[in-house]
Structures are given as C-alpha cells and as structure tokens.
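Have a look at the structure below before the remarks.
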Amino acid sequence: MKVLVCTVVHNPTDARIFRREIEALLNAGHEVTAIAPWQQTTPSRPELVRVTVPRAVSRDRFTSWRAARGRLRDLIPTHDLVIVHDPELLAVLPWREARRFKVQVVWDVHEDLAAAIAMKSYIPKFLRGALSWLVRLGEKIVERRAVLLLAERGYQ
C-alpha cells in the first residue's frame with residue numbers, strides 16, 4: 001500500500017508521527033511519503049520519501065497550507081491512503097481528488113480541538129462558544145468523509 005502522511009504544524013520526527021506511525025508503516029512493508037516541514041530534520045529511514053513544505057507558525061500559515069494543498073493534489077492520485085495530522089489541513093485537502101481516485105482519508109486526531117478552543121486565552125471569550133460549535137460541526141462533516149484515528153478515547 002502507498003501511504004501519504006501530511007503535517008505542517010508538527011515536527012515530522014515527532015514520536016507519534018514518525019516513531020509510531022511512519023516507522024510502523026515502513027516496517028509493515030508499505031511505501032510511505034511524508035509531506036512535512038523537513039527543513040532541519042533528517043529521519044533515519046532512507047526509504048521514506050520526504051516532501052518539504054514550510055512550517056505553519058504563528059500567523060504565517062497560509063503559505064504552508066497552500067504548499068501542502070499543492071503537494072496533496074499532486075500526490076493523492078498515486079497513493080491509497082492519506083493520513084492528515086493537522087485539522088486545518090482538512091479544510092485545504094483536495095477532497096474531490098481523493099474521491100475521484102478512491103483514496104481513503106484518515107484524520108489522526110491529537111486533541112479535542114473544540115474543547116481546547118474554550119481554553120485559548122488569545123480567542124475572545126465571546127467568540128469561544130461559537131467557534132467551538134463551528135469546529136464540532138466541521139468535525140461531523142469530516143467524520144462522514146474520513147476515518148478518525150483518535151489519540152485518546154476521551155476524544156469520542
């Protein structure tokens with residue numbers, strides 16, 4: 001199976017992404033391509049195909065999202081499975097191509113995003129409830145189109 005893993009926020013050698021997920025897939029004999037901010041990182045697995053995109057930091061996220069969308073659009077037709085680690089990538093993922101080429105999309109959920117919004121001090125209090133509600137609505141839409149891989153049972 002050909003697997004495409006994508007993150008623009010996380011360090012690509014993060015234990016959850018690289019050590020547990022990518023290495024497990026490679027050890028099982030799958031071909032893995034990883035779209036990630038690889039600029040200053042080198043994994044120990046030469047068979048991993050690395051595609052470098054800019055890191056999404058602070059308010060400069062659009063550049064990385066645009067780059068990731070372009071790479072996803074190019075690579076989805078040649079893969080069987082796409083694993084997305086960042087919820088914002090679900091908004092830029094080329095869903096039409098995934099359906100057209102019958103590529104399964106998996107969202108690896110690292111946190112309860114809607115609950116986390118309620119605790120973000122940089123989001124005005126009067127917006128937190130509405131934003132959490134919008135995130136929950138978005139999650140329900142994604143659940144119909146993708147498989148969710150939950151880091152913790154509490155995220156159900």
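Residues: numbered from 1 along the sequence shown.
- Distance check: D14 CG to R19 CZ gives 10.0 Å after rounding to the nearest 0.5 Å.
- A distance of 10.5 Å separates CZ of R71 from OG1 of T52, quoted to the nearest 0.5 Å.
- Between R45 and N27, the closest heavy-atom pair is NH1-OD1, 2.9 Å.
- Annotation for D86 and H10: closest pair OD1-CD2, 3.1 Å, computed over non-hydrogen atoms.
- No side-chain heavy atom of V142 sits under 4.5 Å from any side-chain heavy atom of V105.
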Practice problem: Might you work through the side-chain contact (heavy atoms from CB on, under 4.5 Å) test for W38 and T13, ending with a clear yes or no? | Solution: CA-CA 9 Å; W38 290 104; T13 58; 4.3 Å; yes

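- When the side chains of ILVMFWY residues are joined at heavy-atom separations under 4.5 Å, either directly or via intervening members, L137 and L89 end up in two distinct hydrophobic clusters.
- You'll find the side chain of P94 reaches within 4.5 Å of the side chain of I76, heavy atoms only.
- Side-chain heavy atoms closer than 4.5 Å link hydrophobic residues (I, L, V, M, F, W, Y) into clusters, and following such links, possibly through other members, connects V135 to F126.
- Rounding to the nearest 0.5 Å places CZ of R69 at 14.0 Å from CZ of F62.
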Practice problem: Begin with the C-alpha distance, continue with both residues' side-chain angles, and end with the deciding distance and a verdict on side-chain contact (heavy atoms from CB on, under 4.5 Å) for T78 and T33. | Solution: CA-CA 11 Å; T78 60; T33 301; over 6 Å; no

Quiz item: After noting the C-alpha distance and the side-chain angles of H79 and E31, does the key distance pass the side-chain hydrogen bond (donor to acceptor under 3.5 Å, both in side chains) rule?
Solution: CA-CA 9 Å; H79 287 79; E31 295 177 37; over 6 Å; no

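- Between C6 and L72, the closest side-chain pair of non-hydrogen atoms falls below 4.5 Å.
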Quiz item: So E47 and L26, side-chain contact (heavy atoms from CB on, under 4.5 Å) or not? Walk me through it.
Solution: CA-CA 8 Å; E47 65 268 39; L26 290 170; 3.7 Å; yes

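- Between V5 and E21, the shortest heavy-atom distance links the atoms CG1-OE1, 3.9 Å.
- With contacts defined as side-chain heavy-atom distances shorter than 4.5 Å, the pair V84/V106 does not qualify.
- With rounding to the nearest 0.5 Å, the separation of CG in D74 from CD1 in I35 is 8.5 Å.
- Within the 4.5 Å cutoff, the side chain of N11 has no heavy atoms near those of the F18 side chain.
- Taking CZ from R73 and CZ from R96, the interatomic distance works out to 9.5 Å, rounded to the nearest 0.5 Å.
- The 12-atom threshold is not exceeded at CZ of R100, counting heavy atoms of other residues, nucleotides or ligands nearer than 6.0 Å.
- Using a 4.5 Å heavy-atom threshold, the side chains of I22 and L48 count as touching.
- V49 and L25 fall into different hydrophobic clusters, where Ile, Leu, Val, Met, Phe, Trp and Tyr residues are linked whenever their side-chain heavy atoms come under 4.5 Å apart, directly or through other members.
- In the hydrophobic clustering of ILVMFWY residues, with side-chain heavy atoms under 4.5 Å counting as a link, L90 and W133 come out apart.
- The line from CZ of R16 to OG1 of T7 is 11.5 Å long, rounded to the nearest 0.5 Å.
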Exercise. I would like to know whether I123 and I117 meet side-chain contact (heavy atoms from CB on, under 4.5 Å); could you show each step before the answer?
Key: CA-CA 8 Å; I123 299 173; I117 286 171; 4.0 Å; yes

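- Considering all non-hydrogen atoms of both residues, H85 and W107 come closest at O-NE1, 4.4 Å.
- V92 and L134 end up in different hydrophobic clusters when Ile, Leu, Val, Met, Phe, Trp and Tyr side chains are linked at under 4.5 Å.
- At least one side-chain heavy atom of L75 sits less than 4.5 Å from a side-chain heavy atom of V51.
- The minimum heavy-atom distance linking W65 with V8 is given by the pair CD1-CG2, 4.1 Å.
- In this structure the side chain of L81 never reaches within 4.5 angstrom of the side chain of K2, judged on heavy atoms.
- Shortest non-hydrogen contact noted between Q104 and V147 is NE2-CG2, 3.3 Å.
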